[in-house]
Amino acid sequence: MPTAEIKEFMPASTVEVFDLLHNYKRRLEWDTLLQKAYLEKEFPEACKGAISVCQGRNILGGFALRTEYVSFERGKVSAVKLLNQPPFFETFAASIRHLEITENQSEIIYKVNFTAKPKFLRWFLDPLMKKVFAWETKKRLIALRRYFEKNRNEKGKD
């Protein structure tokens, strides 16, 4: 089962990063991978047990991952598991850990593991999907960092 771990420093506290990351009404303000992101209607906000749907950009297939939060500890960690069966994913799970460095700086650690499908192509799909997913996730985390940097700079101008 391929696993990737991607890290990025954030110019914001763990709580600020955690809150923005799991705010589905604001997710597309910074997320470079997605064209849609929302929680299912019975969940007004992200929490343990909440179900989210994240649909990738068309250039990456445009398919949606429907996931359930299996862990949700504000400012510290969240984790999801796959509920649906999108193309190319037999299984998928991800966690995001937040480590406080200073009052206004933190580190985010995104870890993903998955199993590709169809099974007979795993020898090819596993390394390819791992590389693409790690690259796209790094881009997303850099975009999240830049979002915080931009907002800090704009607040400083006031």
Side-chain angles (χ1 to χ4, degrees), residues 1-84 86 89 91-114 129-158:
M1 179 179 297
T3 299
E5 185 175 276
I6 303 91
K7 300 178 180 183
E8 188 67 30
F9 290 102
M10 296 288 154
S13 72
T14 58
V15 170
E16 288 175 293
V17 176
F18 189 94
D19 287 351
L20 180 62
L21 187 67
H22 300 289
N23 184 336
Y24 285 81
K25 291 176 181 155
R26 298 184 60 201
R27 185 72 173 263
L28 300 182
E29 292 177 18
W30 61 269
D31 198 318
T32 58
L33 177 67
L34 303 178
Q35 64 176 314
K36 289 183 185 175
Y38 59 90
L39 294 169
E40 291 192 346
K41 63 183 173 186
E42 61 268 27
F43 301 101
E45 60 186 31
C47 62
K48 186 175 180 180
I51 297 172
S52 67
V53 178
C54 292
Q55 183 178 356
R57 292 178 295 146
N58 288 332
I59 196 161
L60 295 170
F63 53 87
L65 297 180
R66 184 173 178 259
T67 60
E68 178 183 357
Y69 280 96
V70 295
S71 179
F72 196 87
E73 191 175 344
R74 187 173 183 235
K76 294 187 180 183
V77 64
S78 64
V80 296
K81 69 176 182 179
L82 185 66
L83 296 176
N84 64 336
F89 286 102
T91 66
F92 175 91
S95 67
I96 303 172
R97 294 198 174 279
H98 301 264
L99 301 175
E100 194 81 42
I101 296 170
T102 66
E103 186 179 322
N104 292 311
Q105 188 178 31
S106 59
E107 183 178 30
I108 189 169
I109 303 162
Y110 185 99
K111 190 172 185 176
V112 62
N113 60 62
F114 64 89
M129 289 171 64
K130 178 179 176 179
K131 185 175 255 187
V132 170
F133 206 86
W135 181 70
E136 282 292 337
T137 301
K138 185 67 172 176
K139 276 182 28 181
R140 293 167 84 189
L141 295 182
I142 289 170
L144 180 60
R145 176 178 46 85
R146 289 181 177 153
Y147 183 90
F148 278 106
E149 289 170 346
K150 180 182 176 212
N151 286 338
R152 292 255 187 266
N153 290 338
E154 287 177 5
K155 284 181 183 176
K157 292 177 185 177
D158 293 339

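Below, each value reflects all heavy atoms present in this structure, side chains not excepted, and no hydrogens, waters or symmetry copies.
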Within 45° of the ring axis of Tyr24 and under 6.0 Å from its six-membered ring centre, is that where the NZ or CZ of Arg27 lies?
->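 Because its charged atom sits under 6.0 Å from the ring centre and within 45° of the axis, Arg27 does stack over Tyr24.
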In the structure I gave you, are the side-chain heavy atoms of [X] and [Y] within less than 4.5 Å of one another anywhere?
X	Y	answer
Leu141	Ile108	yes
Lys76	Thr14	no
Met10	Arg145	yes
Ser13	Glu100	yes
Phe63	Phe89	yes
Ser78	His22	yes

Glu136/Lys139 ion pair, N-O < 4.0 Å =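 Salt bridge between Glu136 and Lys139, a charged N being under 4.0 Å from a carboxylate O: yes.
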Do Glu29 and Lys150 meet the salt-bridge criterion of a basic N to acidic O distance under 4.0 Å?
->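 No, no charged N to carboxylate O under 4.0 Å.
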Check: Phe148 ring centroid to Phe9 ring centroid under 6.0 Å =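 Here the rings of Phe9 and Phe148 have centres that are no less than 6.0 Å from each other.
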Which atom pairs, one a donor and one an acceptor, fall under 3.5 Å between side chains of residues 44-53 and the rest of the protein, sequence neighbours left out?
| unit_1 | atom_1 | unit_2 | atom_2 | d |
| --- | --- | --- | --- | --- |
| Ser52 | OG | Thr67 | OG1 | 2.8 |

Decide if atom CD of Glu42 counts as having more than 12 heavy atoms of other residues, nucleotides or ligands within a radius under 6.0 Å.
->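 Enclosed: over 12 neighbouring heavy atoms sit under 6.0 Å from CD of Glu42.
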Heavy-atom count around Phe43 CZ within 6.0 Å, excluding the residue itself: above 12?
->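 Yes, the 6.0 Å shell around CZ holds more than 12 heavy atoms from other groups.
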Between [X] (side chain) and [Y] (backbone), is there a donor-acceptor pair under 3.5 Å?
X	Y	value
Ser106	Ala12	yes
Asn84	Arg66	yes
Arg74	Phe18	no
Glu68	Lys81	no
Arg152	Pro11	yes
Gln105	Thr102	no

Could you check Leu21 against His98 for side-chain contact (heavy atoms from CB on, under 4.5 Å), going step by step and ending with a plain yes or no?
-> CA-CA 11 Å; Leu21 187 67; His98 301 264; 4.2 Å; yes
Enter the distance from [X]:[atom1] to [Y]:[atom2] here, rounded to the nearest 0.5 Å.
X	Y	atom1	atom2	answer
Leu39	Lys41	CG	NZ	14.0 Å
Ile109	Glu8	CD1	CD	11.5 Å
Lys130	Met1	NZ	CE	12.5 Å
Leu34	Leu65	CG	CG	9.0 Å
Phe72	Ile96	CZ	CD1	10.0 Å

With under 30° as parallel and over 60° as perpendicular, where do the rings of Phe133 and Phe114 fit, or are they tilted in between?
->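 Ring orientation of Phe133 relative to Phe114: tilted.
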